[in-house]
Amino acid sequence: MALSFEESNVMHALLTSEQRPMNELVGEFSSKFGRPRFFAVCNSLVLLLEDRRMLKSTERLIAFAILHQTYSSQPTSVNPFISYIVNAACDDEAEKCERAFILQLLGSGGSNGGKEFLEQSAANYIKVFDSSAHAFPQYEQLQQQYCDKVHSEQYNSFFKNAAVKNVVPDPDLPQSCDANSQEFDLQPGAKPKIGSGDRDETLTELLQHLSLEGLGPQWIRPRPPMLPIQDGEQVVVELSKDPKLVYHCGLTPRKLPELVENNPLIAVEVLTKLINSPEIADYFTVLVNMEMSLHSMEVVNRLTTAVELPKEFVRMYITNCISSCENIKDKYMQNRLVRLVCVFLQSLIRNRIIDVKDLFIEVQAFCIEFSRIREAAGLFRLLKTLE
């Protein structure tokens with residue numbers, strides 16, 4: 001979850017307090033944000049730290065102090081950002097001042113193993129920094145010391161690792177985040193965007209827009225099968241008990257397509273009981289104009305054997321089925337729909353629901369157009385036997 005406007009302002013104020021002792025800033029962070037918000041806010045800091053152009057050197061030290069010290073009351077392996085912190089300590093491209101500071105946070109910075117250095121301000125730490133007073137251990141040593149105990153499955157998953165990060169560095173941003181850099185100024189006639197204009201406003205706005213959600217792959221989630229019907233749960237029984245239930249159950253013509261797609265058998269039962277209703281024409285109009293599918297054809301096919309349907313409705317439905325097959329662009333979906341329509345038409349013909357003479361030319365042209373499909377060829381042979 002991204003930061004709110006108020007939270008981003010608080011975080012920005014902490015990061016830019018380069019003259020205040022860092023332990024005070026960490027304490028204020030803990031008091032301003034509750035424990036439930038620690039992870040989300042610290043994750044926003046990590047996203048900012050990953051692009052070196054976003055934060056000044058002093059702001060980076062403050063951010064690392066917060067990342068580490070926020071979880072310092074617990075074992076180091078519990079810190080969800082410990083792997084990132086260790087990697088940053090061994091980053092050869094980082095300034096030695098920053099690496100030494102992180103190593104001191106980890107307790108591996110030479111003789112000064114305590115946390116007295118946090119009583120300094122970030123600006124003063126950089127000012128008095130002496131690289132000769134610090135040792136820089138190898139990555140493997142730190143990895144073994146701090147990361148081997150981390151149960152990474154608590155914070156990451158295979159699916160999350162397959163996601164694309166939702167933060168992409170802008171190549172047009174300046175390589176340096178100097179507050180006086182003119183690169184942040186909006187050029188005449190240019191369109192404003194994040195990264196242009198006032199630097200403080202840019203940083204605050206970024207904090208509001210950074211979130212945990214990356215661009216992950218869309219995994220197929222099939223609709224779960226329906227549970228077995230228990231006694232007392234059958235709608236058909238209730239429809240049989242009360243013939244007028246269909247009139248006050250709330251099923252309007254507008255809602256019919258959803259019922260057809262999700263429960264075609266109940267849709268057949270309802271339409272069968274509405275056949276003598278003055279509004280049945282409205283239901284037929286919706287049914288004939290809805291998107292063609294296996295379920296809609298199943299409903300019409302069952303209705304033809306249950307009640308006497310208006311010939312004009314059946315004719316129009318068949319015409320729309322043929323038109324849908326001709327207009328669909330996806331070849332796979334087209335072939336699938338053609339097969340369904342051919343089986344549907346064969347059923348209507350064999351059960352003498354339709355008079356082939358009324359649709360002979362239209363259906364024959366349909367069969368010839370899709371003669372490459374086996375079911376269409378079978379339907380064409382059936383037509384020839386009835387010719």
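For the single chain, residues carry numbers from 1 onward in sequence order.
- The neighbour count for Glu258 CD, taken as heavy atoms of other residues, nucleotides or ligands under 6.0 Å away, does not exceed 12.
- By the 4.5 Å heavy-atom criterion applied to side chains, Ile85 and Leu105 are not counted as neighbours.
- The main-chain N or O of Cys342 is never found under 3.5 Å from a side-chain atom of Glu375 such that the two would form a donor-acceptor pair.
- Here the rule is ring-ring contact (aromatic ring centres under 6.0 Å, His included) with Phe38, and of Phe81, Phe29, Phe33 only Phe29 fits it.
- The two residues Val341 and Cys325 make their nearest non-hydrogen contact at CG2-SG, 3.6 Å.
- By the 4.5 Å heavy-atom criterion applied to side chains, Met290 and Leu287 are counted as neighbours.
- Closest approach of Ala63 and Leu55 over heavy atoms only: CB-CD1, 4.4 Å.
- Atom CZ of Arg302 is surrounded by 12 or fewer heavy atoms from other residues, nucleotides or ligands within 6.0 Å.
- Looking at Asn263, its side chain never comes within 3.5 Å of a backbone N or O of Leu259 through a donor-acceptor pair.
- When all heavy atoms are compared, the tightest approach of Pro253 to Asp282 is CG-CB, 3.9 Å.
- Considering CG of Leu382 and CG of Leu345, their distance stands at 10.0 Å, rounded to 0.5 Å.
- The CG atom of Leu337 sits 5.0 Å away from the CE atom of Met297 when rounded to the nearest 0.5 Å.
- Taking each heavy atom of Ser347 and Asn301 in turn, the nearest pair found is OG-OD1, 3.2 Å.
- Judged by distance alone, the side chains of Glu312 and Tyr317 never bring a donor and an acceptor atom under 3.5 Å apart.
- When atom types are taken as modelled, the side chain of Asn79 and the backbone of Tyr71 share no donor-acceptor pair closer than 3.5 angstrom.
- Linking Ile, Leu, Val, Met, Phe, Trp and Tyr whenever their side-chain heavy atoms come within less than 4.5 Å leaves Ile322 and Val343 in two separate clusters.
- Ion pairing between Arg20 and Glu28 holds under the 4.0 Å rule for side-chain N and carboxylate O.
- Here Ile328 sits in one hydrophobic cluster together with Tyr332, Met333; the rule is ILVMFWY side chains under 4.5 Å apart, joined directly or through other members.
- Taking the side chain as every heavy atom from C-beta outward, Leu271 and Ile275 never approach each other to under 4.5 Å.
- Ring orientation note: the planes of Tyr125 and Phe101 are nearly perpendicular, at an angle over 60° on the 30°/60° scale.
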Walk me through it: do Ile66 and Met11 pass the test side chain to side chain contact (heavy atoms under 4.5 Å, CB included)? CA-CA 11 Å; Ile66 291 174; Met11 196 65 251; 3.5 Å; yes

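- No more than 12 heavy atoms of other residues, nucleotides or ligands lie within 6.0 Å of CD in Glu95, so this atom counts as exposed by the packing criterion.
- With a 4.5 Å cut-off on side-chain heavy atoms, Glu59 and Glu18 do not count as touching.
- Between the side chains of Asn327 and Ser323, at least one donor-acceptor pair of N or O atoms lies under 3.5 Å.
- For the 3.5 Å distance criterion, the side chains of Ser293 and Glu261 qualify, holding a donor opposite an acceptor.
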Stepwise side chain to side chain contact (heavy atoms under 4.5 Å, CB included) check, Leu383 with Ile349: CA-CA 9 Å; Leu383 291 177; Ile349 293 172; 4.1 Å; yes

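- Contact check for Leu118 versus Val26: no side-chain heavy atoms found under the 4.5 Å cut-off.
- In this structure, Gln364 CD and Cys367 SG are separated by 7.5 Å, a value rounded to the nearest 0.5 Å.
- Using a 4.5 Å cut-off between side-chain heavy atoms of Ile, Leu, Val, Met, Phe, Trp and Tyr, with links allowed through other members, Phe366 and Phe380 fall into different hydrophobic clusters.
- Note: Glu308 CD to Leu303 CG = 13.0 Å, rounded to the nearest 0.5 Å.
- At least one donor-acceptor pair closer than 3.5 Å links the side chain of Ser44 to the backbone N or O of Ala40.
- For Lys384, the NZ atom counts as densely surrounded, since its 6.0 Å shell holds more than 12 non-hydrogen atoms of other residues, nucleotides or ligands.
- The local environment of CZ in Arg372 is crowded, with over 12 non-hydrogen atoms from other residues, nucleotides or ligands closer than 6.0 Å.
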Could you please spell out the steps behind the side chain to side chain contact (heavy atoms under 4.5 Å, CB included) verdict for His68 and Leu106? CA-CA 8 Å; His68 185 271; Leu106 293 171; 4.1 Å; yes

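- In terms of heavy-atom proximity, Arg99 sits nearest to Asp91 at CD-O, 3.2 Å.
- Ring-plane geometry between Phe64 and Tyr84 is classed as parallel, the angle between the planes falling under 30 degrees on a 0 to 90 degree scale with a further cut at 60.
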Run the side chain to side chain contact (heavy atoms under 4.5 Å, CB included) check on Val41 and Thr70 step by step: do they pass? CA-CA 11 Å; Val41 181; Thr70 297; over 6 Å; no

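- Residue Lys329 holds its NZ atom at 9.5 Å from NZ of Lys331, rounded to the nearest 0.5 Å.
- Follow the hydrophobic side-chain contacts under 4.5 Å out from Tyr247 and you reach Val270 in the same cluster.
- Hydrophobic clustering places Phe129 together with Met22 (ILVMFWY residues linked when any side-chain heavy atoms are closer than 4.5 Å, directly or through intermediates).
- Using a 4.5 Å heavy-atom cutoff, the side chains of Thr319 and Glu362 are in contact.
- Following chains of ILVMFWY side-chain contacts shorter than 4.5 Å, one can reach Met316 starting from Val300, so the two form part of one hydrophobic cluster.
- Nearest heavy atom pair, residue Leu340 against residue Leu294, reads CD2-CD1, 3.7 Å.
- Put simply, CZ on Arg315 and CG on Leu309 are 15.5 Å apart, with the number rounded to the nearest 0.5 Å.
- For the pair Glu298/Leu265, a side-chain contact is recorded, criterion being any heavy-atom separation below 4.5 Å from C-beta on.
- No side-chain heavy atom of Thr304 sits under 4.5 Å from any side-chain heavy atom of Ile354.
- A distance-only check finds a donor-acceptor pair linking the side chain of Asn289 to the backbone of Thr285 [under 3.5 Å].
- More than 12 heavy atoms of other shown residues, nucleotides or ligands fall within 6.0 angstrom of atom CD in Gln74.
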